[in-house]
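Residue numbering restarts at 1 for every chain, and letters A, B, ... go by the order of the sequence lines. In what follows, every heavy atom counts, from backbone to side chain, and hydrogens, waters and symmetry copies are set aside.
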2 protein chains.
Amino acid sequence: MDKEVTINDIAREAGVSKATVSRVLNNPEKVAKKTREKVLKVIQEKNYRPNPMARSLTTRKTGVIGVVVSDITNPFYAVMVRSIEEVCRSYQYHIFLCNTDGREEEEELYVKSLIEKKVDGIILGATRMNDQEIQNLAKAQTPMVFVSRLPENREQYDYVIVDSVLGGYLATKYLLSLGHTKIAYLGGHWPTSSNLERLEGYKRALEEAGIEVRDEYIYCGEFRMENGYREGIKILRAGKYRPTAVFSANDAMAIGLLEACNEEGVRVPEELSIIGFDDIPLSASRLIQLTTVSQSTAELGSLSGKIIMDKVLNPRKKDVRQQIVFPPKLVIRGTCARIKEE
Amino acid sequence: MDKEVTINDIAREAGVSKATVSRVLNNPEKVAKKTREKVLKVIQEKNYRPNPMARSLTTRKTGVIGVVVSDITNPFYAVMVRSIEEVCRSYQYHIFLCNTDGREEEEELYVKSLIEKKVDGIILGATRMNDQEIQNLAKAQTPMVFVSRLPENREQYDYVIVDSVLGGYLATKYLLSLGHTKIAYLGGHWPTSSNLERLEGYKRALEEAGIEVRDEYIYCGEFRMENGYREGIKILRAGKYRPTAVFSANDAMAIGLLEACNEEGVRVPEELSIIGFDDIPLSASRLIQLTTVSQSTAELGSLSGKIIMDKVLNPRKKDVRQQIVFPPKLVIRGTCARIKEE
DNA sequence: TTATAATAAGAGAACGGTTTCAAAAAGGAA
DNA sequence: TTCCTTTTTGAAACCGTTCTCTTATTATAA
């Protein structure tokens, strides 16, 4: 219908050059008050909005941040993304949402496509790429921050995480303090940093208590509820190696385990203590009451958002590394109990 | 470091004009095989990627779809967005994720900003805007499709929804068939189309059964778990008007209600039957086993994605309306029971 | 009043592609 | 070979901004 109104239309109408119109928009203080008001009036009347593509062609800024997570359907990522989006929005930025589903190739492709699309920055939620790939992508100079995931050469990158080793340690220590000695570890995808670190914390606590770490107590698969259920059944039927407590590397799996207990008629916490990791909203529900290690997910998200925006907006900070490690927090609810005398 | 390689570099290197390079990329069949291969080789060597801003400046396509939902933290939207993203991705499109938190003003601002950013299309998940505002925004000619929400003048827009009236009717009918007569309605934000329609279905079923619709049985608030809990407490303490069954307008609230029952020591389904709406993944969990009305959320998402892509890619279809109404499906699990003899 | 500095505005070149139109090259028929 | 048609290419305009110079204007100091 009516053609898009451009900066030229405004310039002509206001009787000035387009350079002046541009200045009114970007450096208002550089144009005389009178002219400025005249131009502003025309802009208002014609309801002019600068074309963002043309604009970013010269400014080399797109006003978008890419956010890649493995699965938005996972409540942990949902709340993280939510708060990332909130901070970006406060800067007038939009976010591209990318779900990699945990597949490594997808992830690399996604990040590549983000770089090609020239996003101003990238937030990498749990990722599986190896150092080689990351190095490669980093060459593109697009600011990146890792969140809730540690890249291999951590000192070279920006990240905001919670101390997973400490978290695993705290969780296991807590179970030990309740008198448990047969404690299983229920983990996610093996080579993932989250998995490896939480496992390390688990081992450390056991060793410190002088308890042998046995492979029979270690169950891994992927960070999903179904996996928690599946492995849970195995755990409950482990016979000789059936544990009295389980540390689950995330809440989703812990809830799956809870289901397994329900199915097998095992009472929690009387017969089995369970502690999770993440503190997703559901864990607090009166129906679940999961004792867990809190990641303060929302803070993780908003801080990573702030860091990426900081880097994007202040190019000179491009090469100063911001590396934040949150302390994990034990949230005691109803799924752990002191062990009964044998 | 090394400057971005442009189409000019390729043209020079390959000894052709940039028009030819452009053609190799966009209309390969229009350039002689020999030249094409020569150009392709140089492109490969230099790892050239066309600048998307420059490109979209002339093509007037950005390759992005805006998706606005009220809260990605709500599993219903998470699932929906996930599948929208999947189809967009298959077309090499990215999505902007927007959370309005159900605030009307936010919503309008968001859609406006999407239009200004020149997204190629918009998918509007549950929205609260009134017809006036929608009309206004529609003038921008950006293709839009409504999903899981009916705009006021439905015949003018594209949408994909499930028949909420029918869903409410089925749910209530099912409770009636189990012998219940004191059935409460637990609803979300009042003026929302989802709320109104599900309520209508509820009323219709009751009237059809010759049962009076009483205000005392109608509880509303917002579509969140906490609200389900809060209202749930009220429902359970309603004394004379305490129902024997509740139809909750979404699963999140139903789960909140389940919590309330847990807290008040009310057994489900023995003392109270509960039926939800949506069928979010959690409802299927062995811990919840919620009987509900399924929206086939993933299909809702992917179909709306396909429709918006169709409109974006085939401009001549711009003015043909696609209006899809999915049938709701009753999913019977464990939260409803036949009423006991009084 | 005049010289000088500071401020305001404009012309036009980027930015990196696509597209139109005309010219050149190649192919085919007589 | 010559003429006509078809295919292949290139030159230049255009998309809508920002930005760098210049030039014109105004303010300030001598």
Side-chain angles (χ1 to χ4, degrees), chain A residues 2-43 46-64 92 115-120 140-141 315, chain B residues 2-40 42-43 46-64 92 115-120 140 315:
Chain A
D2 42 5
K3 208 148 163 314
E4 209 76 41
V5 18
T6 78
I7 200 173
N8 286 302
D9 302 330
I10 304 300
R12 193 178 333 107
E13 192 83 7
V16 299
S17 74
K18 57 183 185 163
T20 299
V21 178
S22 176
R23 265 187 295 256
V24 167
L25 257 19
N26 305 305
N27 306 87
E29 74 284 359
K30 294 217 164 179
V31 21
K33 194 173 171 201
K34 210 171 153 189
T35 337
R36 194 194 318 146
E37 282 168 353
K38 185 174 54 177
V39 173
L40 245 19
K41 186 153 157 284
V42 179
I43 289 181
K46 300 231 154 196
N47 190 31
Y48 164 69
R49 294 283 178 278
N51 179 315
M53 286 97 101
R55 176 173 261 181
S56 50
L57 184 55
T58 47
T59 59
R60 314 196 140 265
K61 287 256 171 290
T62 48
V64 5
Q92 318 265 49
I115 292 175
E116 274 171 24
K117 276 255 183 177
K118 300 255 189 290
V119 298
D120 293 348
Q141 303 279 4
Chain B
D2 41 5
K3 206 147 164 312
E4 208 78 41
V5 18
T6 76
I7 199 173
N8 287 301
D9 303 330
I10 304 300
R12 194 177 332 103
E13 191 81 8
V16 298
S17 73
K18 56 181 188 165
T20 300
V21 178
S22 175
R23 265 186 295 254
V24 167
L25 258 20
N26 305 305
N27 305 88
E29 74 285 357
K30 294 217 166 181
V31 21
K33 196 174 169 200
K34 212 170 152 187
T35 338
R36 195 195 317 147
E37 282 169 354
K38 185 173 57 179
V39 172
L40 244 20
V42 179
I43 289 181
K46 302 231 152 195
N47 191 28
Y48 164 69
R49 293 282 177 278
N51 179 314
M53 287 97 102
R55 178 174 258 182
S56 51
L57 184 54
T58 47
T59 60
R60 317 199 139 260
K61 287 257 172 289
T62 49
V64 4
Q92 318 266 47
I115 292 175
E116 273 171 25
K117 277 255 181 176
K118 300 257 189 287
V119 297
D120 293 348

For B:T59 and B:R55, indicate whether the former's side chain and the latter's backbone hold a donor-acceptor pair under 3.5 Å.
yes

I'd like to know if the side chain of A:K41 reaches the main chain of A:A14, judged simply by a donor and an acceptor atom lying under 3.5 Å from each other, with no hydrogens or angles considered.
no

Listed by chain and number, what are the salt bridge (Lys or Arg N to Asp or Glu O under 4.0 Å) partners of A:K30, not counting sequence neighbours?
none

Does A:R49 have any salt bridge (Lys or Arg N to Asp or Glu O under 4.0 Å) partners at least two apart in sequence or in another chain, and if so, which?
B:E116

Which letters describe nucleotides 23-28 of chain C, given B = protein heavy atom under 4.0 Å from base, S = only from sugar-phosphate, - = neither?
------

Tell me, for nucleotides 6-21 of chain D in 5' to 3' order, what letter each nucleotide earns: B for a base near a protein heavy atom under 4.0 Å, S for only sugar-phosphate near one, - for neither?
--SBBB---BBBBB--

With a 4.5 Å limit on heavy-atom distance, are the side chains of B:M53 and B:L57 in contact?
no

Side-chain touch A:D120/A:V64, heavy atoms, less than 4.5 angstrom:
no

To the nearest 10 degrees, what angle separates the axes at the start and end of the helix from C:dT1-D:dA30 to C:dA30-D:dT1, five pairs each?
40°

Which whole-number value in Å describes the distance from A:E116 CD to C:dG17 P?
12 Å

Acceptor/donor pairs from residues 5-12 of chain A side chains to any protein atom, 3.5 angstrom cut, sequence neighbours excluded:
residue : atom : partner : partner atom : Å
A:T6    : OG1  : A:N8    : N            : 3.1
A:D9    : OD1  : A:R12   : NH2          : 3.2
A:D9    : OD2  : A:T6    : N            : 2.8

Identify whether the distance between the nearest side-chain nitrogen and carboxylate oxygen of A:K118 and B:E4 falls below 4.0 Å.
yes

Cationic N near anionic O, under 4.0 Å, B:R23 to B:E29
no

Under 3.5 Å, is there a donor on one side chain and an acceptor on the other for A:N51 and B:R60?
no

